[in-house]
Peer 1: 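Here it is, the structure in full.
All values derive from a computational prediction rather than experimental measurement. All heavy atoms count here, side chains included; hydrogens, waters and symmetry mates do not.
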Amino acid sequence: MAQPPYPLHETVVGRINPEYAAFYNQHIFDKQQVHLQPIEASRSSGILIPGAGPLHPVAATADYSVRRAESQGPDVKIRCFTPEGPKPDAGWPVCVYFHGGGWVLGTIDTENVIASHLCARGRSVVVAVDYRLAPEDPFPAAVEDAWEAVLWVRGQGQQILGLDTNRMATGGSSAGANLAAIMCQRSAARGRQWFSLQLLSVPVMDNRPDAGEDSNHGHASWTDNRYSPALPAAKMLWYRRHYLPNGPQEWAHPEASPLLWEGNWSALPRACMVVGELDVLRSEGEAFACRLRDAGVGADVTVMRGQPHPFIAMDAVLEDGARAITLFCEALSHAMYKIPTKDLKSPPETVGIEVQHFEGIRRDTDTL
């Protein structure tokens, strides 16, 4: 088994964001990589991704156990963040949020920073879901847990938390963004779209590709970024083997690969997406946005130049991480309260970000 240190690969040196490179070389390169050690070692090591900032103050945080309505299994644990200030007359808007970790790692604590910012700055209740993990509970356990949390929010949670379920969003990071997209598709399949926004950070949208040029299924970033730090192709395949152990037919299931969903794409909510230029998953996220555009659904995709996969969880040490959280908070505020979002073309701090606007049938690419 390979051992650290793991210097940045020659294919990313010169392309990677300098802030990330400096932090990696000081704090990460001498640590064992997740896919090269036992799962329990990674789960017990503490912080999944170093570099997160402090939680944003909120009025209250409470944990609940959700009894299942439609599937079998243990209760689903959730954590609910309530914003400060008076509750709107109709109730709080709500965002159901799913953490990342490749469906193998992560807990209800993993992305509390992001959840607290969405709550406070988006003025919405945020419900973070502690779904079951593989390999102990492979696909579709995480999907079923996510759906049970959504049903609870629209049922018992509406009264407990004082929610306005006519104003719902969902979101997540990586594997969590995969679950968020699937929740929107499940809702559409039921004949009524419950969500008005999906917040998707570095999403897993297609579980079929690997790094070969003849087997990346058209997702060039799998080949171009196969040696990117934090999520090289080998690590993503390691996650896939644990979560989807039954092979190609399962990899292509639409509730594992939402890019392959065959439902009514025009019934999906608009998307705010952030992806990393050096992320192995970048191309499939962009492809998902294109499918939304082709169906007449708005999607804003912000490509963080030179960033690998985990930037949104590193807001204390990466400016792009803080910017990504701000983009999500602004999109949530706009969707829930119709508060205008910042003009992305004007602020000087957005230099170095590529923003792709997918509005209806129009696509404009602005390099800032």
Peer 1: Identify whether NZ of Lys or CZ of Arg in Arg240 sits under 6.0 Å from the centre of the six-membered ring of Trp251 and within 45° of that ring's axis.
Peer 2: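 The answer is yes; both the distance and angle limits are met.
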Peer 1: Using a strict 4.0 Å threshold on nitrogen-to-oxygen distance, state whether Glu148 and Lys77 make a salt bridge.
Peer 2: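 Salt bridge flag = no for Lys77 with Glu148.
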Peer 1: Under a 4.0 Å N-O cut-off, is there an ion pair linking Glu84 with Arg121?
Peer 2: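 No salt bridge links Glu84 with Arg121.
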Peer 1: Would you call Glu255 and Arg186 a salt bridge, using N to O less than 4.0 angstrom?
Peer 2: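 Yes.
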Peer 1: Under the 6.0 Å and 45° cation-pi test, does Arg167 pair with Phe195?
Peer 2: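 Cation-pi check for Arg167 and Phe195: fails.
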Peer 1: Under 3.5 Å, is there a donor-acceptor pair between the Asp206 and His219 side chains?
Peer 2: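 Yes, His219 and Asp206 have a side-chain donor paired with an acceptor closer than 3.5 Å.
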Peer 1: Got a salt bridge between Asp320 and Arg323, using NZ or NE/NH1/NH2 to carboxylate O under 4.0 Å?
Peer 2: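 Yes.
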Peer 1: Any salt bridge between Arg15 and Glu10, counting N to O under 4.0 Å?
Peer 2: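 No, no charged N to carboxylate O under 4.0 Å.
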Peer 1: Are any of the side-chain nitrogens in Asp145 or Arg68 under 4.0 Å away from the carboxylate oxygens of its partner?
Peer 2: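 Yes, this pair counts.
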Peer 1: Is it the case that the side chain of Asp279 and the backbone of Val275 share a donor-acceptor pair, with hydrogens and angles ignored and the cut-off at 3.5 Å?
Peer 2: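 Checked: no pair found.
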Peer 1: Check whether the side chains of Thr107 and His99 place a donor and an acceptor atom closer than 3.5 Å, and report yes or no.
Peer 2: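 No - no donor-acceptor pair under 3.5 Å links their side chains.
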Peer 1: Check this for me, if you would: do Asp109 and Arg79 make a salt bridge, where the nitrogen-to-carboxylate-oxygen distance has to be below 4.0 angstrom?
Peer 2: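 Salt bridge flag = yes for Arg79 with Asp109.
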Peer 1: Does Phe29 have its ring centroid less than 6.0 Å away from the ring centroid of Tyr6?
Peer 2: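 No.
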Peer 1: Main chain of Thr82, side chain of Thr61: is a donor-acceptor contact present, judged purely on distance under 3.5 Å?
Peer 2: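 No.
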